[in-house]
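Below is one structure, written out as structure tokens, with a few remarks after it.
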There are 2 protein chains.
Amino acid sequence: MGSRARSGLVGGETCLAMSGGAWHGAIVCAAHQQMGYHPRRSTVTLMECGAVVLDLNQLRRSCGSCALHELCLPAGIDSADLERLDAAVRDKRKLARGGALFRQGDAFHALYVVRSGSLKTFVESPAGDVQVLGFHLPGEIVGVDALTNDHHLCGAEALEQTSICELPYVQLQQVVQEVPSLYRQLMRVISREVVAEQRHLIMMGKQQAQERLAIFLHSLADRYGRLSRDTSTLTLPMSRYDIANYLGLVVETVSRLFGRMEDAGILAVNRKTIRILRPDLLADLCGQGLGRLPHGTEVA
Amino acid sequence: MGSRARSGLVGGETCLAMSGGAWHGAIVCAAHQQMGYHPRRSTVTLMECGAVVLDLNQLRRSCGSCALHELCLPAGIDSADLERLDAAVRDKRKLARGGALFRQGDAFHALYVVRSGSLKTFVESPAGDVQVLGFHLPGEIVGVDALTNDHHLCGAEALEQTSICELPYVQLQQVVQEVPSLYRQLMRVISREVVAEQRHLIMMGKQQAQERLAIFLHSLADRYGRLSRDTSTLTLPMSRYDIANYLGLVVETVSRLFGRMEDAGILAVNRKTIRILRPDLLADLCGQGLGRLPHGTEVA
DNA sequence: GTTATTTATTGACCCCGGTCAAGTCGGGCC
DNA sequence: GGCCCGACTTGACCGGGGTCAATAAATAAC
């Protein structure tokens, strides 16, 4: 084993652009990527980048002009009703990497939608062991589990610089009451979370470790695609530990699997940057248990 | 190993009463159990039993007089608004054991609430392998996953004689729009499902096989208690295969675990009837990985 | 009743992935 | 520059639980 050719990104400038996380992600990058622009050679600093984002936020404060419009609550709502929704959406909170949106046990008073960046939700037992429940990308709702008993059953934490739309529940209820189409859309968005959890469950059920990671990457690429991001080069905002925990594995196993998939020519792995070289083969690995790679097999 | 004293239920008449499933469960049994009555010596046939149920259904057709009132959608809704809900709740469908409420891929047009009996929800891959997603007891809602894309992503099947309240979605929307408190309660009930899935996920994450089964039994007893059923004698409506699949294990492992817990004096297992002899010890097994039983240890 | 079929239990074997331990890399800091 | 620390990788070992197979019990079919 071992003579694996690590896909060498040039390092220096690449990492400089990457190391800030996908902070300009949904806003700056989305536009750039659609134009075929890649921020690799950009020399903007984080400071400059932050300023740009703030300006853009000013321009697109309203749901109506939000890039996530069609993925989020406003989908299918006409401009007249949008103003009422805008009135309910309170200040857009910003979180630094590791910052808590809410903690396990906190009193419930709002639902949240990720605007840019990403979150993880997780529970922690009194004994201290953690279970990551999900990763949340822009347009996805967080906090639904607290509706039953007015307390958050899981914590939510930013994986990178993240910006959040807060929907105070009392006001949201009013608007939803007045705008039937918004009520329907809210249900749909919540249902999406149920479906996401179901997928997670299916994966944890009986899939082998390699299938789990394949499914994880595949579905992440899917979600990136829906955000108009590049689906062949994933920049993972979460650590190997988070991935392992989410998949019900240990970090060593995840590391080995990345290695094996790289050996097979499916991926090019460079820390948090994963290039999917053979989407077809990756899709195969998601399949029904066949086609598992036997330790160091080169796949033509 | 092996010299395990099987808890001997008398067999004959017991099984006769059991074999019909818990059909009179939520309706006849709930009342009986609260009075300390046990249907073991009852000689009613299924036919007679069915008739009784029908009569009771006539008496308590409305949500207002339903025994599940406080567990279900009507919770916290005054009698004036209850009539509007009643109008939306359509015919109460009945399913025989194995009967499908809906199939994976079916078009969505209604949510369902279990009135009596029980369901399992599951997905089936093209290759034929199944993952059981959940078991649903009276008062619990089914079908939420279909709200996103108008098709059921999982199938739902009765585990025993089961009666269902159907909530056609178009009508439900109207009523919910008119009755704010019902809207809130619907959200809460849906959120319950999210929480249930989260618990399932936590279990599948990193728990050992024995902890999984312990948690499963413990939480099932909990839910039975909420339905005013006996929490120390569980009559499992689902097969060992369903349990194993739900827990991400194989049927042999579940069987062995039941055996080990019986050896430890925690349970008395007789096919689908599980008596919890030591709830305290069972709770211990749910805990953080400590206290696992090392193959045939007697616990005083 | 008898037979056939599903469901559950039990044993023997072995492999996937967890555990333990040792590197290695990269980034932040002075 | 040099140091440190956390994130990640890689190897060696082993045990929990999956697989295969045989049997028993209970239900369904006739």
Looking only at non-hydrogen atoms, find the nearest pair between [X] and [Y] and report the distance.
| X | Y | answer |
| --- | --- | --- |
| B:L267 | B:L217 | CD1-CD1, 3.7 Å |
| B:H218 | B:C286 | CB-SG, 3.7 Å |
| B:F135 | B:D242 | CZ-O, 3.7 Å |

Any B:T273 side-chain heavy atom under 4.5 Å of B:T233 side chain: yes
State, with a plain yes or no, whether a side-chain heavy atom of B:N245 is found less than 4.5 Å away from one of B:V130.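 Of all side-chain heavy-atom pairs linking B:V130 with B:N245, at least one is under 4.5 Å.
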Interatomic distance, [X] [atom1] vs [N] [atom2] [rounded to whole Å]:
| X | N | atom1 | atom2 | answer |
| --- | --- | --- | --- | --- |
| A:R260 | D:dG11 | CZ | C1' | 14 Å |
| B:F258 | C:dA8 | CZ | C1' | 11 Å |
| A:L159 | D:dA7 | CG | P | 13 Å |
| A:R271 | C:dT24 | CZ | P | 16 Å |
| B:I243 | C:dT7 | CD1 | P | 13 Å |
| A:L257 | D:dG11 | CG | C1' | 15 Å |
| A:L213 | D:dT9 | CG | P | 11 Å |
| B:N270 | C:dT9 | CG | P | 9 Å |

A:K120 and side-chain contact (heavy atoms from CB on, under 4.5 Å): which single residue from A:M238, A:H136, A:E157 fits?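 The single option meeting the side-chain contact (heavy atoms from CB on, under 4.5 Å) with A:K120 is A:E157.
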Who passes side chain to side chain donor-acceptor pair (under 3.5 Å) against B:H200, sequence neighbours left out?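 Result, side chain to side chain donor-acceptor pair (under 3.5 Å) vs B:H200: none returned.
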Heavy atoms from C-beta onward define the side chain here; which of C:dG18, D:dC8, C:dT9 lies closest to that of A:K272? D:dC8
Could you go through nucleotides 19-21 of chain C and list every protein N or O atom that sits under 3.5 Å from one of its N or O atoms, giving the distance for each pair?
| from | atom 1 | to | atom 2 | distance (Å) |
| --- | --- | --- | --- | --- |
| C:dT19 | O4 | A:R256 | NH2 | 3.1 |
| C:dC20 | N4 | A:E252 | OE2 | 3.1 |

Is the phosphate of C:dC16, meaning OP1 or OP2, less than 4.0 Å from a side-chain N or O of A:Q208?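 No, because none of the side-chain N or O atoms of A:Q208 sits under 4.0 Å from OP1 or OP2 of C:dC16.
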Give B:S255 one of three labels, base, sugar-phosphate or nothing, depending on what nucleic acid heavy atoms sit under 4.0 Å from its own. base
